[in-house]
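Just the heavy atoms: all of them, side chains too, but no hydrogens, waters or symmetry mates, feed the values below. When a ligand or atom number is given, it counts from 1 through the structure's own listing order. Quantities reported herein were computed from a predicted structural model and do not represent experimental measurements.
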Amino acid sequence: MEKIIEEKKQGTTIKPNQKSGNTRKLYIESYGCQMNFSDSEIVASILSKEGFNTTSSLEDADLVLVNTCSIREKAELTVRKRLEKFNAVKKTRPHMKVGVLGCMAERLKSQLLEEEKIVDMVVGPDAYKDLPNLVKEVDDGRNAVNVILSKEETYGDIAPVRLNSNGVTAFVSITRGCDNMCTFCVVPFTRGRERSRDPQSIVEEVNDLWNRGFKEITLLGQNVDSYLWYGGGLKKDFKDSTEIQKATAVNFSQLLAMVAEAQPKLRIRFSTSNPQDMTMDVIETMAHYNNICNYIHLPVQSGSDRILKAMNRLHTRDEYFKLIDNIRKIIPDCAISQDIITGFPTETEQDHQDTLSLMDYVKYDFGFMFAYSERPGTMAARKFEDDIPHEIKKRRLSEIIEKQLAHSLYRTQLHIGKIEEVLIEGVSKKSDTQWRGRNSQNTVVVFPKENYKVGDFVMVQIDSCTSATLIGTALDYSENN
Ligand code: SAH
Ligand code: F3S
């Protein structure tokens, strides 16, 4: 059930990563989106060259870094509680330094250092390569801050240290930042302009992961469908690029094909797709390559045209339905998931009903649902009063969650009786005699272990289900092993 309502993984610490000769200990905690978890792997890689090994024990740490999220107020409050805890530990370990990374660093800048005095270091998402200098500053007893946003930085040249890895699945970042300016969203302010990463470096990272035994990757970006490589630089400048740059540019569907062909047995996922940017080419590329999973995370936010407009989501309800119809026509068994916000300013009961009826049309497999949280500095905060009472937001949210639960059960049941390929990721949370993996549609499948092992692709007969988990029996290895 956690997949349906939970915010994406919160506050995960890490398994240690060791490099011989390193003497200092880094404790790093990540909050928020998958991109933050991926960025923490870049940070650990940069600091590994500076003599830091990671530790999972706060009490051992010389340096504590917390990679933060600003997307909703609650995310920031969670981080603030952790900072209080770190400061308490610091009282007994005065040489320990605390740094804030990620979106809160960018949003609050030196306020955390100078006014609140709760950290030693503030580093925005585009400044991680400056960490060696910033750590030196802090070592010398000075506060350190770098929150400069970049037009070029993609960290394409940094090989991430895989933290907390199951050795089977990994994230590969393909774009940074976002140009979409949805009115409720703080990301364009905290992560800057959209930049795409050199496809060659993406393919190299993917090949390296495959050679090290990984079996599934997720290509990550705030808005993967708007990926465009023409030699670097901002997307908005593409129109002024040379004819050669235009002719050799790589878009998202081409990147997908490159990655799928580079490693035909590697499973490929991607996140997140913005409906306004998703093209037929992408859907056709997904259908063409067996190793691209049949799953699209396609946030809609609202089912009301009026609210979509106020959110600056650049598609209508009807256009969204057409996209859904096309996906289902081209990939009939494609799973689709949503993000929905309830209680956006001015949302009426009718707007809310429009969201519920949109859900009825799509019948999403999964969903991530949130009550609107006003973020300072966003267009929505400047233009609208946060006028939907908390109680109403909560009631609408619970109606949406209830509907999603019913749809998830409906979708999960459709798998019963089928034989599906499952990639084993680890031991079932409920029973250590069972494996846990996922099918192409991203649904969790559990089945008896027999002689299979983590990282195997197994054909599983699906026998029954709960609302979000399939239960089955292994039949044989898949030919994709
Ligand atoms: N494109 C991004 C979206 C990041 S934010 C991605 O890669 O996932 C993830 C989700 O958080 C959004 O889709 C939206 O549903 C929700 N969200 C963003 N800002 C919000 C706010 N101010 N209040 C409530 N939910 C919000
Ligand atoms: Fe945020 Fe919209 Fe970009 S939700 S991350 S501004 S696509």
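Interface of Val187 with ligand 2, defined as ligand atoms under 4.0 Å from a residue heavy atom, comprises 5 (S). Close approach to Arg72 involves these atoms of ligand 1, each under 4.0 Å from a residue heavy atom: 11 (O), 16 (C), 17 (N), 23 (N), 24 (C), 25 (N), 26 (C). Under a 4.0 Å criterion applied to the non-hydrogen atoms of Gln301, ligand 1 contributes the atoms 12 (C), 13 (O), 14 (C), 15 (O). Atoms of ligand 1 found under 4.0 Å from any heavy atom of Arg375, numbered from 1 in the order shown, are 22 (N). Shown in contact with Gln222 at under 4.0 Å from a heavy atom are these atoms of ligand 2, numbered in order with element: 5 (S). Ligand 1 places these atoms under 4.0 Å from at least one heavy atom of Gly221: 7 (O). Numbered from 1 in the order shown, with element, the atoms of ligand 2 that lie under 4.0 Å from a heavy atom of Pro188 read 6 (S). Atoms of ligand 2 lying under 4.0 Å from any heavy atom of Phe184, numbered from 1 in the order shown and given with element: 4 (S).
Taking a 4.0 Å cut-off on heavy atoms, Ala380 fails to register as neighbouring ligand 1. Taking a 4.0 Å cut-off on heavy atoms, Arg313 registers as neighbouring ligand 2. Put simply, no part of Asn223 is less than 4.0 Å from ligand 1, judged by heavy atoms.
Looking at every heavy atom in both residues, Ala105 comes nearest to Val123 through CB-O, 3.4 Å. When all heavy atoms of Ser173 and Ser38 are compared, the pair lying nearest together is CB-OG, 4.0 Å.
Here Cys185 reaches atom 1 (Fe) of ligand 2: one of its N/O/S atoms is less than 2.8 Å from the metal.
Remark: Glu402 CD is loosely packed, at most 12 non-hydrogen atoms of other residues, nucleotides or ligands lying under 6.0 Å away. In the displayed structure, Lys85 atom NZ is contacted under 6.0 Å by at most 12 heavy atoms of other residues, nucleotides or ligands. Counted within 6.0 Å of CE on Met379, heavy atoms from surrounding residues, nucleotides or ligands total 12 or fewer; the atom is thus considered open. More than 12 heavy atoms of other shown residues, nucleotides or ligands fall within 6.0 angstrom of atom NZ in Lys239.
Ring-centre distance between Phe171 and Phe37: not below the 6.0 Å cut-off.
Ring pair Tyr320/Tyr364 is tilted by interplanar angle, where 30° to 60° counts as tilted. By the 30° and 60° cut-offs, the orientation of the rings of Phe252 relative to Phe270 is perpendicular.
At a heavy-atom cutoff of 4.0 Å, ligand 2 is contacted by the side chain of Asn274 but not by its backbone. Residue Gln276 does not touch ligand 2, judged by heavy-atom distances below 4.0 Å. If you look at Ile341 next to ligand 1, the close heavy atoms, those under 4.0 Å, all belong to the side chain. For Pro299, no heavy-atom contact with ligand 2 is shorter than 4.0 Å.
At least one N or O atom of Phe184 sits closer than 3.5 Å to an N or O atom of ligand 1. Checked against a 3.5 angstrom limit, the closest N/O atoms of Glu374 and ligand 1 fall outside it.
Of the candidates Gln34, His297, Glu73, Gln222, the one placing a heavy atom closest to atom 4 (C) of ligand 1 is Gln222. Residue Thr272 holds the heavy atom nearest to atom 8 (O) of ligand 1 of all those in Thr342, Val224, Thr272, Thr183.
In this structure, atom 3 (Fe) of ligand 2 lies nearest to the protein heavy atom Cys178 SG, 2.3 Å. Regarding atom 2 (Fe) of ligand 2, its nearest protein heavy-atom neighbour is Cys182 SG, 2.3 Å.
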Task: side chain to side chain donor-acceptor pair (under 3.5 Å) between Tyr295 and Ser337, worked out - done: CA-CA 8 Å; Tyr295 170 50; Ser337 62; 2.7 Å; yes

Task: His297 vs Phe368, ring pair (Phe, Tyr, Trp, His ring centres under 6.0 Å): CA-CA, chis, key distance, verdict - done: CA-CA 10 Å; His297 182 50; Phe368 301 91; 5.6 Å; yes

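Partner Asp126 forms a salt bridge (Lys or Arg N to Asp or Glu O under 4.0 Å) with one of Lys151, Arg176, Arg191 and no other, that one being Arg176. Between Arg197 and the options Glu204, Glu152, Glu205, a salt bridge (Lys or Arg N to Asp or Glu O under 4.0 Å) holds for only Glu205.
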